[in-house]
Amino acid sequence: MSASFASLPSSLVTEHILTRVEASDVLSFRVASRDCFSLVHHNHHDPITTQTVPGERSHPSTNDWRSDSELLWHNFLVRDFFFPTTDEEKMYLRTFRHPEHDNDNEEEQEEEGSRSFLTVQDEFVASTAFESWKHWKKLGLRYRNGVPIRQILPSTLMVAPYFLRAAAVWRSLEQWGSEQGSVGERILASLQPGQGLQGRDVGRMIHCFLDPSHINHVKIQAALAIYAFHAGQKALGEDRFIGLMGGYSAYDYSACTTLTGLPRYAGGHQSHSLLVAQSRDSDGIMTKSILMNVHTGQLYVTPGLRSMSSGSSPFPVTPLSVQGSQEDSFLVWLEEYASRLQHGIYGIGPIVPSAPAGTTDGIVLFPTIQDEVRTSRAVTRGVQVIASSQVCTELQDDASGMVLYSFRIRLLIPGDEGYLTPAERGFETCQLIARHWKITTQKKNEVSTEHVRGEGVVGLYPLLSEGGFRNDEGHRASSLVRGTMHLGTFVYQSLTNGRQGTMEGELRFIPGSIAEPTGPPFDVIVNPFPFNNHEAYIY
């Protein structure tokens, strides 16, 4: 029989016959003869002539990845692990090494927390498609803890491209966190070890929280790939500002979002959803929830402070138009977030600027000047104002949400772009006395403009000096209480009803101080920045 196969054109055997059988049977077929072995593992240096079926495409040169045997195992990778059929970048060669511990002890190892099911260091590039397939095969067995694939639910099959994308996003997040000092270290330390399919928490999620009648139709493969590396964050308790997904604040409200320690059943009217991320206030009450619709894979945020039981309608946190499908929404959401961290759009800082130094440090979701679309910068007489906004869906029980905005104000120091010496700008210090905002909004085809004027900002009248500020406060500029000196940037954050538009204006300063002016008032420009309650990505 092996002689009959060997007499056929190799492309016919490898593309149209062997790909119709189990890969394990192909491994048995290869030992039948040297010719059979060559069909399965063709060595380009062997003196064997590649034949083609008349009328079909010819294979490229032996230096190309599409030799018959290479194409055979590539087809198996496509069939068994869902690699794309067109793969000119050779993604199919990327796979994972295997840890030293025994498969039989996998669940015990995971429960002890000694090692993640996978780490980003496990990834490597195989030399051939067969080597890659072999490692994916071993990984699949460990993923299932030895359970035969025919007994595995289709919704929990290993989708290799999702695992590779998950590895890339976790590598990016880990690398970024390692460069962020003590705050980054605390965030990374809060991540839990990843779990395979038979891990205790993953198994409970699959078999207890999902409706058995719909289990074959759920789309949780992307989530399973993400949690293979890190199974969310530990319960943070009082250290709630080190949520991986960042936070923001305005007045007495603050939020910082953590990845849950594995997706949990949302319950109530969201029975088709799993809770994948959340934020809680200082009393432990959930203020924000990110849900995954298990039937589509799409991630949603539910508006309303008591969103899990309020009955309010959720809306997506990623664009529905992203190429691909909703099934990988969780990955798309994390990939965009990791990219923003890497590009400096989000950074480490006090989430609640008015809190004691160091007590609320975490990832601040107000974009930095690196985001040229959602942030503006202006410098007037050495005073810099960086302005930006952030949608906050959870403070309002409808899809319009709220928009938070932030102003970061400081007197530039030597080396900063736009710095002026005290002689050049005309003062050593200056103090904020008043504000003027021009808010332009558009609803359908109607454009409206609103002007807001007032003294100080939320009862504060910061006095700026090079390197820091003094926080004077009071109900009126004429009766201020002298504040304390702080290093760094004065930050003012507020909110407004969700709407589309722009905001700009001026901040009026007095050279010297309000009590002891050294010159006439001057206006510091606040360049226009956008309000957008329909952000493509919501964090």
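Computed from a prediction, not measured in an experiment: that's the story for all the values here. Index from 1, following the sequence.
- Taking a cutoff of 4.0 Å between a charged side-chain nitrogen and a carboxylate oxygen, Glu335 and Arg165 qualify as a salt bridge.
- The pair Arg508-Asp523 meets the salt-bridge criterion, with a side-chain N (NZ, NE, NH1 or NH2) lying under 4.0 Å from an Asp/Glu carboxylate O.
- Between the side chains of Gln370 and His343, not a single donor N or O lies within less than 3.5 Å of an accepting N or O.
- Neither side chain, His451 nor Thr449, offers a donor N or O lying under 3.5 Å from an acceptor on the other.
- One side chain, Glu394 or Tyr253, offers a donor N or O that lies under 3.5 Å from an acceptor on the other.
- A donor-acceptor contact under 3.5 angstrom links the side chains of Ser254 and Arg240, judged on distance only.
- In this structure, Arg381 satisfies the cation-pi test against Phe522, with its NZ or CZ atom closer than 6.0 Å to the six-membered ring centre and inside 45 degrees of the ring normal.
- Side-chain atoms of His230 and Glu174 include a donor-acceptor pair closer than 3.5 Å.
- Using bins of under 30°, 30° to 60° and over 60° for the plane-to-plane angle, the ring pair Tyr143/Phe163 lands in the perpendicular bin.
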Handout entry: ring pair (Phe, Tyr, Trp, His ring centres under 6.0 Å) assessment of Phe366 paired with Phe407
Key = CA-CA 10 Å; Phe366 286 107; Phe407 299 100; 9.7 Å; no
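- Side chains of Thr318 and Gln298: a donor on one and an acceptor on the other come within 3.5 Å.
- Looking at Arg340 and Asp371, no side-chain N of the basic residue comes within less than 4.0 Å of a carboxylate O on the acidic one, giving no salt bridge.
- Between Arg171 and Glu123 there is a salt bridge, since at least one side-chain N of the basic residue sits less than 4.0 Å from a carboxylate O of the acidic one.
- For the residue pair Tyr346/Thr368, the side-chain donor-acceptor check at 3.5 Å is not satisfied.
- In this pair, Phe531 and Phe529 present their aromatic rings perpendicular. The plane angle is above 60°, beyond the 30 to 60° band.
- With respect to Lys234 and Asp239, no salt bridge is recorded, no charged nitrogen being found less than 4.0 Å from a carboxylate O.
- Judged by distance alone, the side chains of Gln493 and Ser249 do bring a donor and an acceptor atom under 3.5 Å apart.
- A donor and an acceptor atom, one from each side chain of Glu504 and Asn527, are nowhere located under 3.5 Å apart.
- For Arg425 and Glu466, the salt-bridge test passes: some basic side-chain N is under 4.0 Å from an acidic carboxylate O.
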